[in-house]
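To start, the structure itself, in structure tokens.
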Protein chains: 2
Amino acid sequence: MDNTASYSELLKLKGLKNTKHRNSVLKVVELSEQPISAEQIYFNLKESNVSVNLSSIYRILETLVNKNIVIKTNLTVTNKALYEFNFQIHKHHLICSGCKKMLSIEGCPLEDYEKTLQEKSGFSITGHSLEIYGYCNDCKNNYKS
Amino acid sequence: MDNTASYSELLKLKGLKNTKHRNSVLKVVELSEQPISAEQIYFNLKESNVSVNLSSIYRILETLVNKNIVIKTNLTVTNKALYEFNFQIHKHHLICSGCKKMLSIEGCPLEDYEKTLQEKSGFSITGHSLEIYGYCNDCKNNYKS
DNA sequence: TTAGTTGCAAATCGTTTGCATCAAG
DNA sequence: CTTGATGCAAACGATTTGCAACTAA
């Protein structure tokens with residue numbers, strides 16, 4: 001999914017107008033190795049000489065999130081929202097408290113747990129957010145207390 | 001831990017000055033059944049005729065978080081920070097997407113998982129944040145799509 | 001006495017909104 | 001043509017900061 005046509009199709013499929021800016025934002029988000037902020041998207045596009053207003057980026061992201069094409073996250077550390085492409089593969093992130101780099105972890109340790117919890121709590125469980133924190137190999141030694 | 005003396009001791013133990021306002025904030029946070037926002041703390045204190053400036057509350061919370069006396073959380077849904085007393089009992093929250101009520105879940109499904117992950121990833125894992133979303137019994141039926 | 005704490009007002013930062021213009025269907 | 005998308009500037013809400021006055025140690 002790295003050619004422009006497929007973004008157009010995706011948008012059409014979800015009942016959204018196929019605009020240049022939506023395509024651009026989608027591309028940046030999809031190709032980003034890590035969840036990315038609205039501002040980062042803005043500058044990233046600027047570097048490619050694509051000028052999109054920051055508020056438009058927020059609006060585009062909002063619609064993409066509503067359509068479940070993009071996932072929005074809020075980390076305790078950053079206090080700004082991060083966005084990532086929804087590849088439909090359930091995964092989590094391992095975040096380095098030193099350099100803030102994020103590693104994707106595929107596979108989820110919570111599937112069985114949620115079923116049990118659903119029965120015990122009476123909640124109808126729809127999802128979860130899990131982030132794991134630590135220090136990566138590079139940062140391990142710089143943060144010894 | 002619901003008497004004033006123990007808050008003073010806790011502060012002293014952590015090398016913090018024992019001030020009235022810190023005691024008040026600690027008390028509100030500790031007695032709150034759910035993670036609570038700075039603003040909620042502010043109004044809660046106001047009702048008890050304790051006047052603390054909102055910016056002081058933020059500063060107090062910051063120091064308490066740094067000393068690991070209080071835990072800060074950021075939910076994707078609310079976009080404001082919530083604070084809870086660190087009882088040292090590891091637990092998570094089950095959050096109703098309807099009425100936003102939060103249930104505490106004790107026990108953690110991740111302990112073994114983290115050990116494995118630590119070996120596989122080379123990260124030195126320090127902790128995690130997990131929130132589980134769903135609809136509670138009361139809200140289940142109001143949100144059928 | 002001195003370093004750390006607080007109140008107050010102003011600044012900051014991420015995000016949202018109103019409105020006029022523009023482009024996709 | 002019509003509805004929805006965008007740019008721009010201004011508004012917003014949560015949080016932070018500078019500074020002077022104060023208080024715990």
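By convention in this document, chain letters (A, B, ...) are assigned in the order of the sequence lines, proteins followed by strands, and residues within each chain are numbered from 1.
Residue B:Ser56 is classed as a base contact, given a heavy-atom separation below 4.0 Å to a base.
Set against C:dT16, C:dG7, C:dA24, the side chain of A:Tyr58 has C:dT16 as its closest nucleotide. Here the nucleotide nearest the side chain of B:Ala81, chosen from C:dC8, D:dT15, C:dG25, is D:dT15. Closest approach to the B:Arg59 side chain among D:dC19, D:dT23, D:dA5 is made by D:dC19 (side chain taken as heavy atoms from C-beta onward). Closest approach to the B:Ile60 side chain among C:dT6, D:dA5, D:dT15 is made by C:dT6 (side chain taken as heavy atoms from C-beta onward). The side chain of A:Leu54 sits closest to C:dT15 out of D:dT23, C:dT15, D:dT6. Distances were taken from every side-chain heavy atom of B:Lys80 (C-beta onward) to each of D:dA5, D:dA14, D:dG7; the shortest belongs to D:dA14.
Donor-acceptor pairing under 3.5 Å is lacking for the side chains of A:Glu111 and A:His90. B:Asn23 and B:Asn18 share a side-chain donor-acceptor pair at under 3.5 Å.
Distance NZ (A:Lys17) to P (D:dT6): 9 Å, rounded to an integer number of Å. Distance, A:Asn74 CG to D:dA14 P: 14 Å, rounded to whole Å. Computed from coordinates, the A:Leu11 CG to D:dG4 P distance equals 16 Å when rounded to whole Å. One can place CD of B:Glu9 at 17 Å from C1' of D:dA25, the figure rounded to the nearest angstrom. We find that CD1 of A:Ile57 is positioned 8 Å from P of D:dG7, with the value rounded to whole Å. Atom C1' of nucleotide C:dG14 and atom CD of A:Glu62 are separated by 14 Å, given to the nearest angstrom. Straight-line distance from the CD1 atom of A:Ile36 to the P atom of C:dG14: 15 Å, rounded to whole Å. The NE2-P distance, from B:His21 to C:dC8, rounds to 10 Å in whole Å.
Applying a 4.0 Å cut-off to non-hydrogen atoms, the residues of residues 39-53 of chain A that approach DNA chain D are A:Ser51, A:Val52, A:Asn53, listed by residue number.
Within 6.0 Å of NZ on B:Lys115 lie no more than 12 heavy atoms contributed by other residues, nucleotides or ligands. Other residues, nucleotides and ligands contribute only 12 or fewer heavy atoms inside 6.0 Å of the NZ atom of A:Lys46.
Remark: the backbone N or O of A:Ala38 is not paired with any side-chain donor or acceptor of A:Lys80 at under 3.5 angstrom. Under a 3.5 Å cut-off, the side chain of B:Ser124 and the backbone N or O of A:Tyr135 do not form any donor-acceptor pair.
Taking for each of B:Lys72 and B:Thr19 the nucleotide of DNA chain D with the nearest heavy atom, the 5'-most of the two is the partner of B:Lys72. Each of B:Leu16 and B:Ser55 was assigned the nucleotide of DNA chain D with the nearest heavy atom; the assignment lying further toward the 5' end belongs to B:Ser55.
A side chain to side chain donor-acceptor pair (under 3.5 Å) with B:Tyr7 holds for exactly one of B:Lys12, B:Lys27, B:Glu30; it is B:Glu30.
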